2 protein chains.
Amino acid sequence: MPENTTKRQTANLSEIAEAAGVSKMTVSRVLRDKDGFSEATRQKVMLEVERLGYLPNRIAAAFGQTQASTLIGVCVPRLSNHFFGLALESIDRTIQSLGFLPVIGSHNQVLQDEEAWLKSILSWRPAGVMLSTKHHSNTTLQLLRDAGIPIVEFWELSTSPLDMSVGFNQFDSGFQMGRHASIKGYSRAGILGASHVVEARRPEHIEGFIKGFTDGGGTIVHHDVLNDAESFYAGFYGTETMLNRSESIDMIYYQDDTMALGGLSWCQGKSIRIPDDVGLAGWGGHEATSILRMELTTTSIPTHLIGKLSAEALVRKLRSERTEDVTAVPTRLIDGDTL
Amino acid sequence: MPENTTKRQTANLSEIAEAAGVSKMTVSRVLRDKDGFSEATRQKVMLEVERLGYLPNRIAAAFGQTQASTLIGVCVPRLSNHFFGLALESIDRTIQSLGFLPVIGSHNQVLQDEEAWLKSILSWRPAGVMLSTKHHSNTTLQLLRDAGIPIVEFWELSTSPLDMSVGFNQFDSGFQMGRHASIKGYSRAGILGASHVVEARRPEHIEGFIKGFTDGGGTIVHHDVLNDAESFYAGFYGTETMLNRSESIDMIYYQDDTMALGGLSWCQGKSIRIPDDVGLAGWGGHEATSILRMELTTTSIPTHLIGKLSAEALVRKLRSERTEDVTAVPTRLIDGDTL
DNA sequence: TGGACAAACGTTACCGGTAACGATAACGTT
DNA sequence: AACGTTATCGTTACCGGTAACGTTTGTCCA
């Protein structure tokens with residue numbers, strides 16, 4: 001079906017114009033709903049647009065004027081990460097409903113990949129860019145500066161953003177859980193994390209937990225970082241390893257909920273009483289924790305809200321409407337049954 | 001930083017040309033590595049390109065000729081689905097490495113949304129399109145036909161594709177499991193599925209399982225479809241409900257591995273012996289099933305391979321190289337410990 | 001009745017690349 | 001030395017929209 005040789009062209013403005021007996025400028029005006037045409041000509045034009053199946057040519061439109069296109073670049077660390085997947089769905093819907101087209105990419109936590117992606121998207125002169133990590137290469141920063149377009153950093157909150165920032169305070173979310181655990185009477189915690197990238201920096205909610213827990217008088221007894229994905233299995237076996245090594249800990253703080261669920265599963269299999277023998281706390285807010293008989297104590301992250309607000313902030317800026325540079329969305333500590 | 005009024009322009013070909021003392025056509029040739037220039041001028045040009053920080057303008061390039069852009073549209077049902085996330089990562093990497101830019105979208109199993117997305121992307125005159133579902137609206141089909149560009153359908157295999165298809169035979173994957181279970185001696189199966197879309201059609205691997213199992217003499221005793229996401233919890237509680245209702249079933253086939261893990265977890269909590277009391281089988285191939293003490297019996301889907309092969313097939317077609325219209329990738333039945 | 005004014009169009013120029021073709025110089029060949 | 005060939009480079013035209021501006025027509029009021 002696709003003929004690489006002679007490309008079948010869909011009708012363009014000139015053909016519509018000719019068919020409707022007007023100039024192509026009038027057709028352009030009708031399609032963009034700018035004023036300067038009568039109702040009669042509008043109907044004539046729209047008839048031909050329907051009949052000929054006109055598809056707008058955004059390339060020509062974006063090329064015409066020196067200003068930017070209707071593309072918006074969106075870059076996340078990983079597409080297979082559930083949290084970013086949820087945020088992306090929200091961003092995708094919001095951006096499209098506002099008349100732009102998201103161009104989604106990922107960098108897998110490699111700065112050079114982010115840089116390469118940015119160059120690709122900038123060569124398409126996007127209207128704006130959305131990034132989800134705080135740390136960028138110098139070249140990336142320079143490219144962003146030179147582009148002169150609105151930028152939203154949208155996952156972890158940045159109090160001194162490049163341009164705009166929408167997100168939550170990751171450190172605080174961990175800090176609150178640390179303090180919460182401390183108040184509940186726990187004093188000897190194990191921390192179970194996982195990362196497939198060896199040199200990855202420690203997530204800030206874990207830093208926050210350590211601060212909150214130790215401030216309350218608690219002690220971090222173990223801190224294991226498995227060289228693995230943050231999976232159910234990692235939580236399952238990490239818990240076994242940690243609890244077998246030392247009976248002296250009275251709670252475990254997990255890097256995320258999936259791992260916590262693995263830990264919970266292991267404990268239930270061993271008839272360990274939760275939260276009496278051991279307390280468990282996760283992070284992230286799994287979509288359906290509340291239907292579990294034993295509700296997981298965790299921190300809920302409003303992925304949907306972050307996506308919506310960040311996309312809206314960007315578009316408002318594009319329309320030269322007033323916007324906040326920094327929008328903090330609250331995380332919510334869910335005081336469940338496991339701690 | 002972003003000035004909406006006077007847009008800061010990065011250098012264009014003319015400025016590079018003037019700085020290097022050549023024509024802009026020569027600069028164009030150097031940058032695209034077409035021949036027609038000497039090594040000396042190449043160095044002169046590249047020096048200025050570096051110095052002025054030239055960013056190619058793909059909009060102008062795509063506009064210049066009547067042919068398509070370097071954009072490739074990719075549409076999946078959901079961005080938060082782990083399987084598609086994995087496939088997308090593979091597609092993203094492959095497409096970018098071949099010099100194109102993927103434009104990822106989702107339709108959430110709503111035909112009109114797919115249609116709207118397609119119109120958006122087609123208005124950018126993409127070089128090709130990749131779709132991951134078999135069923136499309138009539139308008140979608142018409143749009144694809146008229147576009148005259150290569151199309152890859154890339155998840156479930158289609159033996160009569162619109163253009164090209166890369167994927168696995170979903171029915172067969174279930175059929176094999178059904179036959180496998182039958183041969184192992186199971187005869188009374190329960191099926192546990194889930195879908196948040198009420199009117200969704202039944203997944204084909206479940207159809208296949210039914211055929212394979214009943215062909216071998218087995219009976220499908222229960223078939224529950226929870227109105228929920230395919231989650232760990234859905235598997236956990238669905239299993240409880242199903243086993244409490246009737247003791248007569250000797251195995252459960254789950255819609256996916258996450259649900260199967262939930263079921264496994266529930267059974268372990270109740271000290272039900274797997275696979276003696278009840279056999280369990282999943283679908284999808286979770287990334288780390290092999291490290292679990294009890295390896296889940298399931299069907300592994302090569303998400304990474306599908307992504308890579310489908311992106312490569314599309315690009316080969318774009319380059320007018322020979323390609324297969326239908327590429328079947330095999331699923332693998334993992335004969336684990338739970339069945 | 002003429003002139004101011006606005007609505008409803010058409011004309012022109014331009015965006016930044018690239019294909020096609022033309023021009024020049026260098027080089028080899030007989 | 002005359003000629004053909006090739007490498008290297010410049011010139012021109014064009015892609016499909018849109019901003020800016022010009023033109024026509026109609027309307028309304030002094």
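Every chain is numbered from 1, with letters handed out A, B, ... down the list of sequences. Being a predicted model, the structure only gives us computed values, none of them experimental.
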Exercise. In residues 30-37 of chain B, which ones come under 4.0 Å of DNA chain C, going by heavy atoms?
Worked result: R32(B)
Exercise. Counting any heavy atom closer than 4.0 Å, what does T41(A) reach on the DNA or RNA strands: base, sugar-phosphate only, or nothing?
Worked result: sugar-phosphate
For this session: Using whole Å, report how far CD of E39(A) lies from C1' of dC9(C).
Result: 16 Å
Could you list the donor-acceptor pairs under 3.5 angstrom formed by side chains in residues 97-105 of chain B, with sequence neighbours left out?
unit_1: S97(B); atom_1: OG; unit_2: R93(B); atom_2: O; d: 3.4
unit_1: S97(B); atom_1: OG; unit_2: T94(B); atom_2: O; d: 2.8

Problem set entry | Gap between atom CG of L141(A) and atom CD of E115(A) - 0.5 Å precision | 9.5 Å
Problem set entry | Phosphate OP1/OP2 of dG16(C): any N57(B) side-chain N/O under 4.0 Å | no
Exercise. Relative to the ring of W155(A), is the ring of F83(A) parallel (under 30°), tilted (30 to 60°) or perpendicular (over 60°)?
Worked result: tilted
Problem set entry | Shortest non-hydrogen separation from L157(A) to T327(A) and the atoms involved | CD1-O, 3.4 Å
For this session: Please check the phosphate of dT18(D) (OP1 and OP2 only) for any side-chain N or O of S28(A) closer than 4.0 Å.
Result: yes
For this session: Return yes if some donor-acceptor pair links the side-chain N/O of E89(B) with the main-chain N/O of R78(A) below 3.5 Å, else return no.
Result: no
In a table with atom names and distances, give each donor-acceptor pair under 3.5 Å that connects a side chain of residues 31-40 of chain B to protein atoms at least two apart or in another chain.
unit_1: R32(B); atom_1: NE; unit_2: S28(B); atom_2: O; d: 3.3
unit_1: R32(B); atom_1: NE; unit_2: S28(B); atom_2: OG; d: 3.2
unit_1: R32(B); atom_1: NH2; unit_2: S28(B); atom_2: OG; d: 3.1
unit_1: S38(B); atom_1: OG; unit_2: T41(B); atom_2: N; d: 3.3
unit_1: S38(B); atom_1: OG; unit_2: T41(B); atom_2: OG1; d: 3.3
unit_1: E39(B); atom_1: OE1; unit_2: R42(B); atom_2: NE; d: 3.2
unit_1: E39(B); atom_1: OE2; unit_2: R42(B); atom_2: NH2; d: 3.3
unit_1: E39(B); atom_1: OE2; unit_2: Q43(B); atom_2: NE2; d: 3.1

Seminar exercise, completed: The reported gap from CD1 in I151(B) to OG in S165(B) (rounded to nearest 0.5 angstrom) is 12.0 Å
Seminar exercise, completed: Rounded to the nearest 0.5 Å, the CG atom of L122(B) sits from the CG atom of N57(A) at a distance of 11.5 Å
Exercise. Which one of H136(B), Q109(B), H135(B) satisfies the side chain to side chain donor-acceptor pair (under 3.5 Å) criterion with E114(B)?
Worked result: H136(B)
Exercise. Counting just side-chain N and O atoms, does Y54(A) come under 4.0 Å of either OP1 or OP2 of dG17(D)?
Worked result: yes
For this session: Answer yes or no: are there more than 12 heavy-atom neighbours, outside K44(A) itself, under 6.0 Å from its atom NZ?
Result: yes
Seminar exercise, completed: Separation of dC15(D) atom P from W124(B) atom CH2, nearest Å, is 20 Å
Detail all sub-3.5 Å separations between protein N/O atoms and N/O atoms belonging to nucleotides 23-28 of chain C.
none

For this session: To the nearest Å, give me how far apart CD1 (I16(B)) and P (dG17(C)) are.
Result: 9 Å
Problem set entry | Rounded (10°) bend between the five-pair end axes of the helix from dT1(C)-dA30(D) to dT30(C)-dA1(D) | 50°
For this session: Nearest whole angstrom, please: distance from the P of dA19(D) to the CZ of F63(A).
Result: 14 Å
What's touching nucleotides 10-12 of chain C from the protein side, N or O pairs under 3.5 Å?
unit_1: dG10(C); atom_1: OP1; unit_2: S23(A); atom_2: N; d: 3.2
unit_1: dG10(C); atom_1: OP2; unit_2: S23(A); atom_2: N; d: 2.7
unit_1: dG10(C); atom_1: OP2; unit_2: S23(A); atom_2: OG; d: 2.6
unit_1: dG10(C); atom_1: OP2; unit_2: T26(A); atom_2: OG1; d: 2.5
unit_1: dG10(C); atom_1: N7; unit_2: R29(A); atom_2: NH2; d: 2.9
unit_1: dG10(C); atom_1: O6; unit_2: R29(A); atom_2: NH1; d: 3.3
unit_1: dG10(C); atom_1: O6; unit_2: R29(A); atom_2: NH2; d: 3.3

Exercise. Can you name the nearest heavy-atom pair linking V329(A) to P302(A), along with the distance?
Worked result: CG2-CG, 4.0 Å
Problem set entry | Inter-residue atom distance S69(A).OG - R58(A).CZ, 0.5 Å rounding | 10.0 Å
Exercise. Roughly, in whole Å, what's the span from CG in N12(A) to C1' in dT18(D)?
Worked result: 14 Å
For this session: Verify the neighbour count for atom CD of Q142(B): are there more than 12 heavy atoms of other residues, nucleotides or ligands below 6.0 Å?
Result: yes
Exercise. Applying the side-chain contact (heavy atoms from CB on, under 4.5 Å) test to E153(B), which of V166(B), V326(B), L162(B), D163(B) qualifies?
Worked result: L162(B)
Exercise. Out of dC9(C), dG17(C), dG17(D), which nucleotide sits closest to the side chain of S38(A)?
Worked result: dC9(C)
Exercise. Could you state the CD1-P distance from I59(A) to dG16(D), rounded to the nearest angstrom?
Worked result: 11 Å
